[in-house]
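Step one of this worksheet: look at the structure below.
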Amino acid sequence: MTSIQFILNDKSVDTDASPTMVLLDFIRERQGLKGTTSACREGDCGACSVMLGELKDGDLKYRTITSCLLPLGDVHGLHVVTVEGINQEVLTPVQQAISDCGGTQCGFCTPGFVVSLTNFLHRESDLTLEKGRENISGNICRCTGYRSIERAVEKMCQDFGGRILGATNRLEELVKIKVLPEYFLTIASRLNSIPKAGYQTKDGAVAVGGGTDLYVQKHDAMLKASPAFVIRDESLREMKLGEKELVLGAAVSMEDMNSNSTLRGIFPALPDAFKLIASLPIREQATIGGNLINASPIGDLTNIFLALNADIVLGVGGAERRMPLKNFYLGYKKLDRKPEEILRRIIVPVPAKSARFNFEKVSKRTHLDIASVNSGCLIDIKDGVVVSASISAGGVGPIPMLLQKTSAGLCGRKPSSAAAIEAAKTAMSEIAPISDARGAAEYKKLLLKQLIYAHFLNLFPSEVSFSDLKAA
Amino acid sequence: MKNIDSALHTTGRSMYIDDLPVPEGCLHAAVFPSPIAHGKIKKLDIESARKAPGVIAVFTADDIPGQNQIGGIVQDEPLLAEGEVDFNGQPIAFVVAETREAAYEALRLIAVDIEPLPVVVCPREAAKKGMFIVPPRIFNLGNVDSVWRDAPHIIEGRADCEGQEHLYLETQGAFAVPKEDGAILITSSTQGPTAVQRTTAQVLGIPMHRIEVNVQRLGGGFGGKEDQATPWAVMPALASHILKRPVKLVLNRMEDMRMTGKRHPYSADYKIALSSDLKILGYEATFYQNAGAAADLSPAVLGRSLFHAGGSYYIPNVRATGFCCKTHLPPNTAFRGFGGPQAMYVIEAAICAAAERLKVDAAEIQRRNLLKEGDEFPYGMRVKNSEAVRCFSLCEERFGYKDARARVKAFNDQNAQFKKGLALMPVCFGISFTNTPYNQASALAHVYSDGSVAVSTGAVEMGQGVNTKILQVAAHVLSINPDRIKVESTNTTRAANTSATAASSGADLNGGAAALACRSILSRLLELAAELSGGPAEIKDEEIYSAGKKTGLTWKSLVHEALQRRISLSAQAQYATPGLSYDKSREKGTPFAYHVVGTAMIEATVDCLRGRYEIDSVQVVHDFGQSMNKIVDLGQAEGGIAQGIGWMTMEELMFDPNGKLLSNALSTYKVPDIYSTPKTFEVEFLSDSLNPAGIFNSKAVGEPPFMYGIGAYFALRDAIRAFTSTEKLPIHSPMTPERTLMALYAK
């Protein structure tokens, strides 16, 4: 790869630095911008949040990402905004609101909040406290307990929300009210003049998606790796949503999937599931394929796709092969994949209109935590009888599982409390959880049983009763 | 006034250890930790690491010129392990290299051969084996043994609470720069600059005056940098002393979580006796404190547990016993509340168990036993200016406890899957270091010729707003514009022999000292003004008045005049909390300047299908005294409560039986996020409260609100109780979703 070119705040950068170095280190160590702080290097705290601007069909769009997990190679052609790139002669309305409401104590996390909330004012079509909370759901503050930050969000929405939402050109309005400095108006044309990097997925290279798992697990090894930035490979970012099949490129981001209206129409349960799965910055950065390749027994998307009976397509060069996702996992972190093969697409059969989908996840912290147990469930009903069912379960064995016996056993039955109880009983014979940091084996067994009940209660509220299930 | 650092913080211009420009040629250190929790070091091979590219030196215990000793209360902890390791993560050696990467690469080349020895992680097991750090300590009031025979109700049981990771966002770190003639400047992220200075002097074998420690600010401390910032400052100082080069050491998150101590887990037995009208007749508690592998601050933490054994209640007969148990975990240390939270959790557990047995509302027992004016604490002090009853009643009235009870019951009657629970949590927390000599602070104030003012104290700013309060004190005393005043970094050459900024006492002690120093300068200036204007003078908003009339003199002109007349414009002052004394042989005395009280009402909803829950509301009436700064104080209260709820709910430290930390990163150790914030979160300032013992009638605020979080545990338990009729539910926090689900479906 030749040099990496991008815009950092108001400055054009052209660097020969290693593409596998994370953006955070480049910002702090090479550029000396110390406002972006480092606190966890796992994408779990948001202290290192930066805005990432990209031209999409001529429109300049920004997402907020955690710079500790983003390889530098991924920012070619983009606009990187740190707190220094937001600062002006006086505090911006975001900074002023946080300051006025006591939303900063030790200050270490504060630049991350400022970046997230600045982008909140830029990106959201709905400037409310609830949306504001979502935009800082990936930012951890250990001092304030968040109440004062919520007050600051309320204040900025109240003081500026109307003006921002009413503007015909939002970027210009944000510059006018000094949420953003003036140079933002020059960014679109400047990004246009950066030559395309000509990304290719080279065979044999380590495929880097969003980096949100890879850099957590193998940060040091990645520094020496030869990377292939699949996330920028347009062919892997396509979504083809046909009537029979939904084809999702492996490098589609979680948030692209989450915000797709067609998918939301078919799976109304998706937005709630995604809210449990990851914070907005991680959803914007993480790829759906990365979650499958990571092979975690508890991968949230993995368990969703398993329940949806997805197939996957692996490829190397011109050769491709397709297989059911459920056959992909051979053992703990062992995949039916040759080292040179890259996951290209995920193919989900469009379920019948009569089918219902539900996803359940319980973790130590309700939101944005790794599950103790998770489960997806797709059940189709005809004439009041189950015609097909697929229930997946994560965290209860070495691999993410499709509970085949449990699923098959439901076919031909009426959805009822008794059916749920029996399904849970069958599931117990299919799993073998271990005790670990996510919970004791006994707990995971009980929890899976409860989550299977939860599927039935959610999908068939008039046929299933909690009291019957409790009595069991 | 808002936090004076808020403009710097929001623009990212505040500088933390890793942000400060390092001097040219600065080297980087990385620590080699013990891979196991207990064993004999047979062989340590550092030769290949020493020869690795970029490596300048590898330090072991053999390289220490002074004493290999960093223990505070008890000298029982080496800087670098020698002969034996006592916890997984204990530093054995450290590498110093040209770059951070080279230092970490070289760590892989260090080989150590350790013969494993038995590992103890449970404090009760340690007690059985006689593994104690210090002898047990016992507090007595009345005669508890006389109560058991005739008491109508006696309830006994066990309560356990686990530890808590501080998770200050800025990890531990420091750098050291050699100065001429063997002196060293250490810049550290520490709550205790003097502890760093004293310990470095001891390890290097040089006098304290050779070592200057400077602290700008901390990216969070919470007690975790009171004693435990020290080793990470001493190591670079040692290397810098020997190599004559600047050396920096900053731990990464996993190292920090693995190598440093946390809040102490406690296992406790309680026995409580109640009269037929629910008066507590007697209370006995035995605390098994999991101190970890060395004393650190554990004996003092345990002491505070004993001081707070009775919680917010008057109990005529008490015996509280504390065992400081040595285990093979990292040495546990100070953490907001300092043993108080564990003790209050246990007495609330006893009350909860009694209420469940007697089928009464726990609030009934709480209400009837609250501390009143003149009541005697087990340590002999009597309640003064008590607001405990007023806070409790106000909380009940203001937030409608009775109605909430009825509402919760109606909800539970109608809902099978979701159950609500409610708890009141009164807090009474003593203010002062229980080690009386620590209750002193010094300040140094300079007025410069342009009328600007600089104030140095021993207080360390870590987000709690102490510098803002000190600036307010100076502005108020001098009656000048706050913009003229700068609060300086904390530096051992300007404030010597400081106590750590801890025990919620930072503003009281250092604000007190700053007031004295400023008054001293002001009195000289006003004496001069009197001379110039021919009568007694005073200053108001920078104008000098005499006999109620403007003299034409201003702050600036007076400063100028004083300088011409060679009147000193600097002052140093010491503040020592008056009235404190404590006799440890009798365990009686006046350890505290005053108490902070308040009551919280907490409501929770449990999803009995999934074992998940939400803390719906936290509503508090808290006694801030006359708050000096409502933004700062409210922030301390809200932040403390959120942290307390975290301790009681989702924050779960997990060690394996071999003493290895499993929850060693933010992905496995979860702290509250914004979605965990209670939907209703109100903190009401108790009105008309005076506190002559606090600075400007205010009350210390750092720790007490933390303990309202304990109410979250009992609210959840209350909800679980509404679901299950099982008699035996262990009292064990944190109430994670796992413990919740297991309790809901316990047979």
Side-chain angles (χ1 to χ4, degrees), chain A residues 34-42 44-45 47 83-84 87 91 95 98-100 102 104-111 114 133 136-137 139-140 142-150 216 360 362-370 372 437 439-440 443 446-447 450-451 453-454 457 466-467 470, chain B residues 2-3 5-16 18-19 167-171 217-220 252-253 416-417 462-465 609-612 631-632 634-635 638-639 641-643 650 652 654 662-663 665-668 670-677 681 736-738 741-742 745:
Chain A
K34 305 284 190 179
T36 308
T37 56
S38 166
C40 80
R41 287 190 177 266
E42 290 194 307
D44 259 307
C45 79
V83 69
E84 289 88 351
N87 287 343
L91 295 187
Q95 292 166 334
I98 291 174
S99 168
D100 289 348
T104 174
Q105 288 187 24
C106 87
F108 203 82
C109 71
T110 308
V114 167
R133 283 161 67 114
I136 47 179
S137 61
N139 293 84
I140 292 294
R142 190 56 159 163
C143 294
T144 62
Y146 305 99
R147 257 315 276 144
S148 50
I149 297 171
E150 290 183 338
V216 174
E360 293 288 334
V362 169
S363 45
K364 223 167 266 181
R365 191 172 68 196
T366 303
H367 295 93
L368 326 177
D369 188 5
I370 298 170
S372 295
Y443 168 60
L446 174 60
L447 185 53
Q450 297 298 117
L451 295 188
Y453 292 171
L457 279 165
F466 177 75
S467 304
K470 183 193 169 189
Chain B
K2 58 196 175 208
N3 188 318
D5 282 339
S6 56
L8 286 177
H9 288 345
T10 53
T11 53
R13 290 176 176 127
S14 310
M15 287 188 172
Y16 306 89
D18 209 19
D19 304 335
L167 218 104
Y168 29 69
L169 273 240
E170 181 196 26
T171 53
R217 67 164 56 73
L218 275 51
N252 66 36
R253 178 63 60 189
Q417 185 188 335
M462 50 192 139
Q464 84 281 43
L609 176 63
R610 299 176 180 86
R612 274 202 308 243
I631 295 178
V632 166
L634 180 62
E638 290 173 343
I641 293 166
Q643 217 170 46
M650 72 185 72
E652 188 177 30
M654 299 184 86
L662 300 175
S663 50
L666 264 71
S667 52
T668 41
K670 304 315 273 192
V671 297
D673 62 349
I674 194 159
Y675 289 134
S676 319
T677 310
F681 197 160
T736 55
E738 177 171 359
L741 194 69
M742 297 313 275
Y745 293 94

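By convention in this document, chain letters (A, B, ...) are assigned in the order of the sequence lines, proteins followed by strands, and residues within each chain are numbered from 1.
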Do any N or O atoms from the side chain of [X] and from the backbone of [Y] form a donor-acceptor pair under 3.5 angstrom?
X	Y	value
A:Glu42	B:Ser667	yes
A:Gln105	B:Gly635	yes
B:Arg610	A:Leu451	no

message: Looking at A:Asp44 and B:Lys670, is any side-chain nitrogen of the basic one under 4.0 Å from a carboxylate oxygen of the acidic one?
response: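 Judged by the 4.0 Å cut-off on N to carboxylate O distance, B:Lys670 and A:Asp44 do form a salt bridge.
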
Which portion of [X] sits near chain B, non-hydrogen atoms under 4.5 angstrom:
X	answer
A:Leu368	both
A:Val362	both
A:Ile136	both
A:Tyr443	both
A:Asp100	both

- prompt: To the nearest 0.5 Å, what is the distance between CE (B:Met650) and CG (A:Asp369)?
  reply: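 Reported to 0.5 Å precision, the distance equals 9.0 Å.
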
What residue in [options] has the most heavy-atom pairs under 4.5 Å with chain A?
options	value
B:Leu662, B:Thr736, B:Thr171, B:Asp18	B:Asp18
B:Ile674, B:Leu218, B:Asp19	B:Ile674
B:Met15, B:Arg217, B:Gln643, B:Gln464	B:Gln643
B:Thr677, B:Ile631, B:Val632	B:Thr677
B:Thr668, B:Asn3, B:Val671	B:Val671
B:His9, B:Met654, B:Glu638, B:Glu652	B:His9

message: Would you call the rings of B:Tyr675 and A:His367 parallel, tilted or perpendicular, taking 30° and 60° as the class edges?
response: tilted

